[in-house]
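What follows is a short report on a single structure.
Numbered from 1 within each chain, the chains take letters A, B, ... in sequence-line order.
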Amino acid sequence: MAAFARPVVLWFRQDLRLADNPALAAAVATGAPVVPVYIWGPAEEGAWPPGQASQWFLHHALESLGADLSARGSRLVIRKGDAQCVLNELVNECGARKVFFNRRYEPSALLQEQAVIDGLVKIGVESITSNSALIFEPNDVATREGRPFKVFTPFYRACLMLPEPLPTVRAPKAIPFPDTPLRSDSVAGLDLLPRIKWDTGLQKTWMPGEAGALRLLKTFINDGLVNYRVDRDRPDRDGVSKLSPYLHFGCIGPRQIWRAVRSHVDATGSGALVESADIYLKELIWREFAYHLLFHFPHSVHKPLRPEFERFPKSAAAAEFVKSWQEGLTGYPIVDAGMRELWHTGWMHNRVRMIVASFLVKDLLAPWTDGARWFWDTLVDADLASNTLGWQWSAGCGSDAAPYFRIFNPILQGQKFDPDGVYVRKWIPELAAVPDRWIHSPFAAPPLVLQSAGVTLGQNYPAPLVDHALARNHALDAFAMIKGKK
DNA sequence: TTTTGAGTTGTTCGA
DNA sequence: GTCGAACAACTCAAA
C-alpha cells in the first residue's frame, strides 16, 4: 500500500532533530513516504538573517541531521529560496497533499508561515503544524484578564500552574522515503561556512547536531546540575549547560530538557540538587517568557518597551566605543575577556553577557541596539527572542528591566565571579602575569607591578576607555534626564 | 473600581 | 570588615 500512497512533506525549520519532533512524528504516522526538506532562505528573515557564527552552527547541524535521516532510510532534501515557492514546487514534484511543520514565533517567520499556508491551500494542499520549540506557546499563558504578561514572576507562576510538559515523542525508527527522484542541493552548496578560516575556535567548542545536544545534556545533568546555583555565575568554571545554540536550532527541545532534569531530580533528589534544578528550569521559563514578549510585542526588537528610553542620550564617541567594545579593547579585563570569548567561540557566559551589556549601555552610553546587533552577528545561539529580552533588560528599557541604578561595576564583578582571574587570563594572555590583586584593574596597579608583568598600558593592553566612577554618574544623570528630572 | 504588594542577576555610603 | 539603607517612582497583576 505504502508504495502507492502519496508522499507527505516534512518541512524542517528550527527543529533539526528526530526525537521530540511532533511534526515529524505526525508525518510518519500517516504511513506515507515522507519527504524531509530544509529550505535555506535568509532573505525571508527580515532584518535578522543568521549571522556568520549561526550559519556555521547551522551548516554542521544540517549535516548531522542528514546523517541521522540516512541512518533511518531517509534523506534530507535541501533547497534554497522562498519557502512558499519551494514548497509549492516540491509538492508538485512529489505529488504530496500534506505538508507538516513545526511553528516559529518571530515576526518575519509568522508572516512567512501564513504565506506558506495560504499558498498551499490554493493548490489544494493541507498544512499541519505543531509545536516543538516551546513548553508553552505565547497564547497558552495569559493574565486573568486574558492579556500577555509583562513581568516575569507572575508569568513564571502562571506557567507552574499549567500541566507539566508532556513526555517527549521518540525518534521514529524508520522514515520511509518515496521512490520519486528529487533534486537536492548539498549542505556545502548553501555556502554557510566562512571563506576565511576563522572557525577553529568554534570547531573546538561545539559539536552541532542532535547527538551533540543529548551528550551535553547528559553530562550537564550528571556533573554540572548539582552545583548550578553557584557555578552558573562563574565564567571561570564549566558550570552551565551550553545548550543555547542547540535549543535555538532545535537540535534539542525544551520539553526534553525539562523532562530529563525532572526525572533526574525525582530519582536522586537531594536538597542542593532540587534547588539547583529549580533555578535551571526557571531559565527555560525565561526563554519561554522571551518568546511570549516577542510574540506580543514584536516592535521590541528595535524599539525600547519603555518609550522614554528613545530619548536616552548617546555618547559623542559611541561609534568608536562600540568598535573597541567589539574588539575586546575597552581596558576593563572582564569586559574584554567576554568580548574575546564571544569572537573566538561564538558564545559568552551569561554572567559576562550582563557585564558587557551594562558596560556598553551605561558606561559607554552606546545604543543597546548596537549591542544586540553585534551579539546577533557573532553568537552561535543568536535568538531573536532571548537577545531582545536580554538587551532590553540590561539597558533598563524593558517592561520588567533592571532598575536604573543597577549599574555593574566591571572591577567588582570580575573580583566576585572570577576571583582568581582564571577567565580573564584565558582570554587575555597579555595580562597573564598580572597578580590576582590587580587582574581586574590593571590600570590601578603600581607601575612596577605592571612592568614586571610585562604590561604597558596603551601599548600591549589598552588604558580604560572611560573611568567607571565618572561613567556611572553620567549614566545616573542620563536616567534622571529621560525621567524629566533635569 | 480601587487598592495592595511586588518587581532575576547591584553598588555605594555611612554607621 | 560588615551591615543596612538608599538609590525613585511606576507599572503590573491580582485581590
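The gap from the P atom of B:dT8 to that of C:dA6 amounts to 22 Å, rounded to the nearest Å. Comparing C:dA8 with B:dT11, their C1' atoms are spaced 16 Å from each other, to the whole Å.
Here B:dG10 presents its C1' atom at 7 Å from NZ of A:Lys416, a figure rounded to the nearest Å. Atom CG of A:Asn473 and atom P of C:dC7 are 15 Å apart (whole Å). To the nearest angstrom, P of B:dG7 lies 12 Å from CZ of A:Phe152. Here C:dC7 presents its P atom at 12 Å from CZ of A:Arg472, a figure rounded to the nearest Å. Look at CD1 on A:Ile482: it is 13 Å from C1' on C:dA8, rounded to the nearest Å. For A:Phe149 and B:dT8, the CZ to P distance is 12 Å, given to the nearest whole Å. Separating the CZ atom of A:Arg306 from the P atom of C:dT11 is a distance of 8 Å, rounded to the nearest angstrom. If you measure from atom OH of A:Tyr156 to atom C1' of B:dT9, you get 15 Å, rounded to the nearest angstrom.
With a cut-off of 3.5 Å on both Watson-Crick or G-U wobble distances, the partner of B:dT2 is given as C:dA15. The base-pairing partner of B:dG10, taking Watson-Crick or G-U wobble contacts with both distances under 3.5 Å, is C:dC7.
Under the 4.0 Å criterion applied to side-chain N and carboxylate O atoms, A:Asp15 and A:Arg13 are not assigned as salt-bridge partners. The residues A:Asp381 and A:Arg353 are annotated as salt-bridged, a charged nitrogen and a carboxylate oxygen being separated by less than 4.0 angstrom. A salt bridge between A:Glu113 and A:Arg104 is absent, with no side-chain N of the basic residue lying under 4.0 Å from a carboxylate O of the acidic one. A salt bridge is defined here as a Lys NZ or Arg NE, NH1 or NH2 lying under 4.0 Å from an Asp or Glu carboxylate O, and A:Lys323 with A:Glu327 meets this definition.
None of A:Asp418, A:Asp231, A:Asp420 except one satisfies the salt bridge (Lys or Arg N to Asp or Glu O under 4.0 Å) rule with A:Arg237; the exception is A:Asp231.
At the heavy-atom level, A:Arg351 lies under 4.0 Å from base atoms of the strands shown. If you check every strand for non-hydrogen atoms under 4.0 Å, A:Glu308 touches nothing.
A:Tyr461 and A:Asp336 are linked by a side-chain donor-acceptor pair at a separation below 3.5 angstrom, with hydrogens and angles left out of the test.
Contacts between residues 401-413 of chain A and DNA chain B, defined by a heavy-atom separation under 4.0 Å, are made by A:Phe405, A:Arg406, A:Ile407, A:Phe408, A:Asn409, A:Leu412, A:Gln413.
Dense packing is recorded around NZ of A:Lys197, with more than 12 heavy atoms of other residues, nucleotides or ligands lying under 6.0 Å away.
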